[in-house]
Amino acid sequence: MTKKTLSRFLTGLILSVLAVSCSHDELVAPSSVLKGAAQSADATASRDSNLALGNPSGAVADPYYYWNYLVVKPQYTMSYHRDRGTPNWVSWHLSSAWLGSTPRQDNFAADNTLPTGWYRVQATSYSGSGFDRGHQCPSADRTGSVADNSATFLMSNMVPQAPRNNQQTWAGLENYCRTLVDAGNELYLICGSYGKGGTGSAGPLSTLDNGHVTVPNRLWKVIVVLPNGTDDASRVTTSTRVIAINTPNDNSLLTTWGSYRTTVDAIEQATGYDLLSAVSASVQSVVEARTDNGPTQ
DNA sequence: CTGCGCATC
DNA sequence: GATGCGCAG
């Protein structure tokens, strides 16, 4: 390892640690204010850290790490891959505190906050490909303001997703998640994609937009369900419901999301990530090995 | 930007 | 019928 790469590595390590430790200040500070207000009102939902359960890939906010670049927005946190033109994963918090009456903005747009010189995937980049612009953090999870909803329409929050996978299977799961919120829960969600090549409505494809965007082979999602409360990973126990699904990016997908349930361990093995790393190891070992068998609607 | 299709609740 | 996922012109 050269001196330069060593220094890059150390910088990355430090930034990575900062990204996790600082996220508390950056992301929770404003929510603490909201939480204080909410608690005096009804002691229920608040807006918590979008990265409360950990940074799965040790993503770093340094453009040097173009394959694992940390993007922090008020609405979600992600690891972005410059050369795939998609996020590796997106992490966000969902509670009723994020939900309001803002309608879908439908303002798909390039994410101009990406580093200078990087290719920015355009709103029209997926046109004619047979793949949807599939939200990672869904539009309907961020309806508190026009700014919140618009953030979900940035192309950095999209992956090429087979229409049936997106509009039926995933939409069904997203709807179910919001019913959990309506029932008094808050959710910590992380979803992502990996592999190359999917089958959309126009047949198989491995890249689009002249190779600027990789079509992922599989899409996964992990959902941690907690009753409304304070922002603290220690609330996750061995009895906490954790839903993990892993779906092929294929238009022949079944519409029922429940049949794609798997373990967090299996997703970690497939991706190399460390999910729910902020949860104690003893709890992780239990909840990550378990396949959810709860209700699906 | 408007209009449209499709699936779900 | 309303909502939510998109698309094309």
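Letters A, B, ... mirror the listed sequences (proteins, then strands); counts begin at 1.
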Item checked: Value in whole Å for how far the P atom of B:dC6 lies from CG of A:N251 -> 14 Å
Margin query: Students often get this wrong, so: under 4.0 angstrom with heavy atoms, is A:G172 touching a base, only sugar-phosphate, or nothing?
Written below: nothing
Check: A:R133 side chain N/O closer than 4.0 Å to the phosphate oxygens (OP1, OP2) of C:dC7?
Finding: yes
Check: Between C:dG4, C:dG6, C:dC5, which one does the side chain of A:N175 approach most closely?
Finding: C:dG4
Check: Would a hydrophobic clustering, with Ile, Leu, Val, Met, Phe, Trp and Tyr connected at side-chain separations under 4.5 Å, put A:V286 with A:V283?
Finding: no
Item checked: Atom-pair distance (OH on A:Y126; P on C:dC7), nearest Å -> 10 Å
Next item on the list: Send over the distance from A:L254 CG to B:dA7 C1', rounded to a whole Å.
Entry: 16 Å
Note to self: Considering every strand and a 4.0 Å limit on heavy-atom distances, what is the contact class for A:F108: base, sugar-phosphate, or nothing?
What the structure shows: nothing
Check: A:W170 has an atom CH2; how far is it from atom P of B:dT8, in whole Å?
Finding: 18 Å
Notebook entry, point to check: Can you check the A:N107 CG to B:dT2 P distance for me, whole Å?
Noted result: 13 Å
Item checked: A:R120 bridged to A:D111 by N-O distance under 4.0 Å -> no
Note to self: Rounded to whole Å, please give me the gap between CD in A:Q161 and C1' in C:dG4.
What the structure shows: 14 Å
Item checked: Under-4.0 Å side-chain N/O to phosphate OP1/OP2 contact, A:H135 with C:dG4 -> no
Notebook entry, point to check: Honestly curious: do A:L154 and A:V146 fall in one hydrophobic cluster under the side-chain, below-4.5 Å linking rule?
Noted result: no
Next item on the list: Mind checking the CZ-CG spacing from A:R241 to A:L226? Nearest 0.5 Å is all I need.
Entry: 12.5 Å
Check: Phosphate oxygens OP1/OP2 of C:dT3: is one of them under 4.0 Å from a side-chain N or O of A:R104?
Finding: no
Notebook entry, point to check: Which whole-number value in Å describes the distance from A:D106 CG to C:dA8 P?
Noted result: 13 Å
Next item on the list: Establish, for the pair A:R82 and A:Y119, whether the NZ or CZ atom is under 6.0 angstrom from the six-membered ring centre and no further than 45 degrees off its axis.
Entry: no
Notebook entry, point to check: Any side-chain N or O of A:R178 less than 4.0 Å from the OP1 or OP2 oxygen of C:dT3?
Noted result: no
Margin query: If I take atom CG in residue A:D132 and atom P in nucleotide C:dC5, what distance separates them, rounded to the nearest angstrom?
Written below: 12 Å
